[in-house]
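Throughout, residue positions are numbered sequentially from 1 according to the sequence presented.
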Amino acid sequence: MSCVFCGGAPVTKEHIFPQWLNEYLPPGRQQTEQARYGEGAYDTTRQSGGLDFTVKKVCAPCNNGWMSQMEDASKDVLAPLITGQSLDLDLISLRQQRQIALWATKTAMMADQFQHKPVLPPQQLRRMHTHRAIPGGTRVWIGACPQREPLVTSHTVRVPLTGVAAPGNPEPVGFYCPMKIGQLCLYVYFPAADVVIQHGREFHLSVARIWPRRSSDLPFPPPVQPRNGEAFERFADALQESLYLYTPEQAAEHQLRES
C-alpha cells in the first residue's frame, strides 16, 4: 500500500484526530465511540487511554512533515475555540477561518480513509499534499457547543446527490463529516459536483460558512447551539438532511445564493 497523499511507501499509522487534543482530556481511561455509516457500517463504544483512532495509509514523511506542520499552525487558532475560552462574542479573522477550514478538511480526509470505500478521489488528496489546497466545491461550516465532553464526537456519511448529474451521467456521491472537538463544532461537506448549496433557515443562527471564503471576519460563537454531544449528533444529521443542492443553472434561474 502507498501513501494516499504522496504515493510514497511504506505507510505508517496516522491518527485521525491529533494527539495534542489529548491534553484536554481528563485523566484516566476514556469512553470513546467509533462509528461508520454506509457499507461496512458499525457503531462501537470502548475504553481508551486517549484519542487512538488511526489509519495505516500515510507515509512517515507526510505524517511527520507537512501534516505535523499543519497541526502546529492550527493549534493556536483551534485551542481557544475547543476549550471555550472565547465565551464572549469574538471575531474570527479571514486568515483564521481559512486555517480552521484547512485543518477540518485534512481531518475529514483522514476520516474518509477510515471508511470501507473512501469517497474522495486521489487527486484531491494529492493536491492537499502539494498545494495545501481545499478541494474545489468543499463546504465547511462552523458552530459551537456549550459542553466540552465528550471531547471528540464525529462520524462520516456517504451522500448520494440526486438531481444534479447531467443527463446520462451516473449519480455523484458526496461525503459529509461533522465533528465536535470540545466546544468547537465543524461540518465538512464534499459534494463531488458543481452545485449551489442552501441549508434550512432554522440553521442560520447555529452555523456559519467559513469555506468557501467569506468576505469579512466572523462573529463567534453563534447564538444558537446544540446543548451537548448527543444533541450535536442529532443537529449534524438534521443539517445534512436540510441541505438542498441546485445546479448553477437552477440557482441562476431562481436567483438563489449560497447559504
**Message:** When you measure from the side chain of S154 to the backbone of P178, do you find a donor-acceptor pair of N or O atoms at a distance under 3.5 Å?
**Reply:** yes

**Prompt:** Donor-acceptor pair, S68 side chain versus G65 backbone, under 3.5 Å?
**Reply:** no

**Message:** If we ignore hydrogens and angles and just use 3.5 Å, is the side chain of R209 paired with the main-chain N or O of P212 as donor and acceptor?
**Reply:** yes

**Prompt:** Does any N or O in the side chain of E14 come within less than 3.5 Å of the main-chain N or O of T54, such that one atom is a donor and the other an acceptor?
**Reply:** no

**Message:** Students often mix this up, so state it plainly: with edges at 30° and 60°, are the rings of H129 and W66 parallel, tilted or perpendicular?
**Reply:** tilted

**Message:** Side chains of W211 and Q97: any donor to acceptor distance under 3.5 Å?
**Reply:** no

**Complete:** Of all heavy-atom pairs linking C62 and C6, the shortest is SG-SG, 3.7 Å

**Request:** Could you walk me through whether Q183 and T83 pass the side chain to side chain contact (heavy atoms under 4.5 Å, CB included) test, one step at a time?
**Result:** CA-CA 6 Å; Q183 293 183 234; T83 60; 5.9 Å; no

**Request:** Before giving the answer on side chain to side chain contact (heavy atoms under 4.5 Å, CB included), spell out for F5 and R126 the whole-Å C-alpha distance, their side-chain angles and the decisive distance to 0.1 Å.
**Result:** CA-CA 5 Å; F5 288 105; R126 300 291 171 87; 5.7 Å; no

**Request:** Please list, chain by chain and in numerical order, all residues satisfying ring pair (Phe, Tyr, Trp, His ring centres under 6.0 Å) with F17, sequence neighbours excluded.
**Result:** none

**Prompt:** Hey, are Q99 and S74 close enough side-chain-wise for a donor-acceptor pair under 3.5 Å?
**Reply:** yes

**Message:** Looking at every non-hydrogen atom in both residues, tell me the closest pair between Q225 and A144 and how far apart they are.
**Reply:** CB-O, 3.2 Å

**Asked** Does the K180 side chain pair with the main chain of G182, one donor and one acceptor, at a distance under 3.5 Å?
**Response** yes

**Request:** For the pair H199 and V207, evaluate side chain to side chain contact (heavy atoms under 4.5 Å, CB included) and give the outcome as yes or no after the intermediate values.
**Result:** CA-CA 10 Å; H199 57 62; V207 299; 4.0 Å; yes

**Asked** Are a donor atom and an acceptor atom from the side chains of D237 and Q240 found within less than 3.5 Å of each other?
**Response** no

**Message:** Under a 3.5 Å cutoff, is there a donor and acceptor pairing between the side chains of Q115 and D112?
**Reply:** yes

**Request:** Using only heavy-atom distances, determine whether the side chains of H15 and N63 contain a donor-acceptor pair under 3.5 Å.
**Result:** no

**Asked** Only one of F203, W141, F232 forms a ring pair (Phe, Tyr, Trp, His ring centres under 6.0 Å) with Y187, so which one is it?
**Response** F232

**Prompt:** For K106 and E71, what are the C-alpha separation, side-chain angles and deciding distance, and is it a side chain to side chain contact (heavy atoms under 4.5 Å, CB included)?
**Reply:** CA-CA 10 Å; K106 185 273 297 181; E71 295 295 338; 2.5 Å; yes

**Prompt:** Between R139 and V196, which heavy-atom pair has the shortest distance, and what is it?
**Reply:** NH2-CA, 4.1 Å

**Request:** Verify, without hydrogens or angle tests, whether Q113 (side chain) and M110 (backbone) share a donor-acceptor contact under 3.5 angstrom.
**Result:** no

**Request:** Apply ring pair (Phe, Tyr, Trp, His ring centres under 6.0 Å) to F175 and list each qualifying residue two or more places apart in sequence or on a separate chain.
**Result:** F190

**Message:** Please find the pair of heavy atoms, one from P135 and one from T138, that lie closest to each other, and give the distance.
**Reply:** O-OG1, 2.7 Å

**Message:** For G200, is there any backbone N or O sitting under 3.5 Å from a side-chain donor or acceptor partner on S242?
**Reply:** yes

**Prompt:** Where is the tightest heavy-atom contact between S93 and D217, given as atom of each residue plus distance?
**Reply:** CA-OD1, 3.3 Å

